[in-house]
Protein chains: 2
Amino acid sequence: MVQYFGTARLDASFAALSDATRRGVIEQLARAEASITDLAERFHMTLTGMKKHIGILERAGLVVTEKVGRVRTCRLGAQDLAEEAGWIASYHQRWSARFDALDDVIAELKAKEKMDGPERQ
Amino acid sequence: MVQYFGTARLDASFAALSDATRRGVIEQLARAEASITDLAERFHMTLTGMKKHIGILERAGLVVTEKVGRVRTCRLGAQDLAEEAGWIASYHQRWSARFDALDDVIAELKAKEKMDGPERQ
DNA sequence: CTAATACTGAACCATATGGTTCAGTATTTC
DNA sequence: GAAATACTGAACCATATGGTTCAGTATTAG
């Protein structure tokens, strides 16, 4: 595992993550699905602007959408970022020393997860 | 920790990682430092082109450079991507189910690290 | 049926990539 | 000192963001 990196996919994922609004959208969708209008309002942006962000997230596989009636609902996509995490972890590894910090981060997040409880699925 | 994300830094890091050439440069520099000429040759690119990539990596803090005489040497920077890993891990967490996969990835990389031994520093 | 809602598309704008070529400048090397 | 080496900067090109406004189209509410 974590042997071959689909570079095109990594390109799209990292590019999608390089914008604060899009990271915010992902965080939002992790809590609950939302329409374009919902997201546009929350991020103080026009519908058209938000639609573009969603397009980029969709192309990267991070978000999927479905239109029912006049409303397009956005949800987190199938892409689980394992490859991206692997790439970063590998960089960490070569970088050597501070690698253990990632363990702590994850342990911490797991502890928090138990307290919060999974909110979707 | 992993509470406040410096969004500008995350923007720059993820953007820097969104290009296959730049990820390749990082992998290269993880093995050994290199001049602009070295890197330009390895990635079949003009000096000027490679210089631009290095500039982006430098602004993101992923690479540092030092010019001695007429040669500019590039090395991995101080930025250790812990925050980026944390963000992705957090997404993983909310995404719930597949989170444990990251543990395996890391365990695997750690095992490999022991075999390889740290190559720098 | 009319009006409001929700999205969509085209067009436009400024800026950033990802690259190039061409013309320098600064350092070695011979 | 002349020539090769290594980088640097400006200028240019195409494409992609990140956003907007404006003008639709399709649905739903009244």
Side-chain angles (χ1 to χ4, degrees), chain A residues 5 7-29 32-75 77, chain B residues 5-29 32-75 77 84:
Chain A
F5 297 113
T7 70
R9 209 189 70 147
L10 283 180
D11 284 8
S13 300
F14 282 132
L17 294 176
S18 74
D19 179 82
T21 298
R22 286 193 293 266
R23 289 193 303 275
V25 167
I26 289 175
E27 285 173 357
Q28 191 53 43
L29 295 182
E33 60 184 38
S35 68
I36 308 272
T37 299
D38 291 340
L39 295 169
E41 274 171 10
R42 189 176 301 268
F43 293 94
H44 311 294
M45 195 177 294
T46 58
L47 274 180
T48 313
M50 181 51 70
K51 177 95 186 312
K52 280 194 178 183
H53 282 303
I54 295 296
I56 290 168
L57 288 166
E58 244 185 318
R59 266 179 278 143
L62 298 176
V63 162
V64 294
T65 70
E66 183 198 9
K67 189 160 185 180
V68 176
R70 62 186 168 180
V71 178
R72 180 175 295 281
T73 300
C74 309
R75 300 184 192 81
Chain B
F5 296 113
T7 69
R9 210 190 71 146
L10 283 179
D11 284 8
S13 301
F14 282 131
L17 294 176
S18 74
D19 179 82
T21 299
R22 286 193 294 267
R23 288 194 302 274
V25 167
I26 288 176
E27 284 173 358
Q28 191 54 41
L29 295 182
E33 58 184 39
S35 68
I36 307 273
T37 299
D38 292 340
L39 295 169
E41 272 171 12
R42 189 175 301 268
F43 293 93
H44 312 293
M45 195 176 294
T46 58
L47 274 180
T48 312
M50 181 51 68
K51 178 93 185 312
K52 281 193 179 184
H53 282 303
I54 295 296
I56 291 168
L57 288 166
E58 243 185 317
R59 266 178 277 142
L62 298 175
V63 162
V64 294
T65 71
E66 182 198 11
K67 190 160 186 180
V68 176
R70 60 185 170 181
V71 179
R72 180 174 295 280
T73 300
C74 309
R75 298 184 193 83
E84 291 71 16

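Heavy atoms only: backbone and side chains are in, while hydrogens, waters and symmetry mates are out. In what follows, every chain begins at residue 1, and chains take the letters A, B, ... in the order their sequences are listed.
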Separation of atom CG in Asp19(B) from atom C1' in dG19(C), rounded to whole Å
11 Å
Atom-to-atom span, CZ of Phe14(B) to C1' of dG18(D) - whole angstrom
19 Å
Whole-Å gap separating C1' (dT15(D)) and CZ (Arg59(A)):
12 Å
Among residues 43-52 of chain B, which residues get a heavy atom nearer than 4.0 Å to DNA chain D?
Leu47(B), Thr48(B), Lys51(B)
Suppose the criterion is salt bridge (Lys or Arg N to Asp or Glu O under 4.0 Å): which pairs have a residue in residues 46-58 of chain A, not counting sequence neighbours?
none
Contact summary for Ala60(A) and Ala12(A), nearest pair of heavy atoms:
CB-O, 3.6 Å
Can you sort out the partners of Ile56(B) under side chain to side chain contact (heavy atoms under 4.5 Å, CB included), two or more places apart, ordered by chain and number?
Ala16(B), Arg22(B), Arg59(B)
Between Ser35(B) and Ile56(A), just flag the one whose closest nucleotide in DNA chain D comes earlier from the 5' side.
Ser35(B)
To the nearest angstrom, the CG-C1' distance between Leu17(B) and dT17(C) comes to 15 Å
Length of the CD1-P vector between Ile36(B) and dG9(D), whole Å
11 Å
N or O in side chain of His53(A) less than 4.0 angstrom from dG19(D) OP1/OP2:
yes
So, taking the atom named CG in Leu57(A) and the one named CG in Leu17(A), what distance separates them when rounded to the nearest 0.5 Å?
8.0 Å
When the side chains of residues 38-46 of chain B are checked against the rest of the protein, which donor-acceptor pairs come out under 3.5 Å, sequence neighbours left out?
| from | atom 1 | to | atom 2 | distance (Å) |
| --- | --- | --- | --- | --- |
| Asp38(B) | OD1 | Ser35(B) | OG | 3.3 |
| Asp38(B) | OD2 | Ser35(B) | N | 3.0 |
| Asp38(B) | OD2 | Ser35(B) | OG | 3.2 |
| Thr46(B) | OG1 | Gly49(B) | N | 3.1 |

Nearest-angstrom distance from the residue atom CG of Asp11(A) to P of dT15(D)
18 Å
When every non-hydrogen atom of Thr7(A) is compared with those of Arg23(B), the smallest separation belongs to O-NH2, 3.2 Å
Nearest 0.5 Å please: distance from the NE2 atom of His53(B) over to the SG atom of Cys74(B).
12.5 Å
Under a 3.5 Å cut-off for both contacts, is dA14(D) paired Watson-Crick or G-U wobble with anything, and if yes, with which nucleotide?
dT17(C)
Whole-Å distance, Leu39(A) CG to dA6(C) P, equals 13 Å
dT27(D) phosphate, OP1 or OP2, under 4.0 Å from Arg72(A) side-chain N/O
no
Starting from the C-alpha separation in whole Å, work towards a yes-or-no answer on side chain to side chain contact (heavy atoms under 4.5 Å, CB included) for Leu29(B) and Arg75(B).
CA-CA 6 Å; Leu29(B) 295 182; Arg75(B) 298 184 193 83; 5.9 Å; no
On a heavy-atom basis, the closest approach of Thr65(A) and Ile54(A) is CG2-CG2, 3.7 Å
Does Lys67(A) put a side-chain nitrogen or oxygen below 4.0 Å from OP1 or OP2 of dT8(C)?
yes
Could you go through nucleotides 27-30 of chain C and list every protein N or O atom that sits under 3.5 Å from one of its N or O atoms, giving the distance for each pair?
| from | atom 1 | to | atom 2 | distance (Å) |
| --- | --- | --- | --- | --- |
| dT27(C) | O2 | Arg70(B) | NH1 | 3.1 |

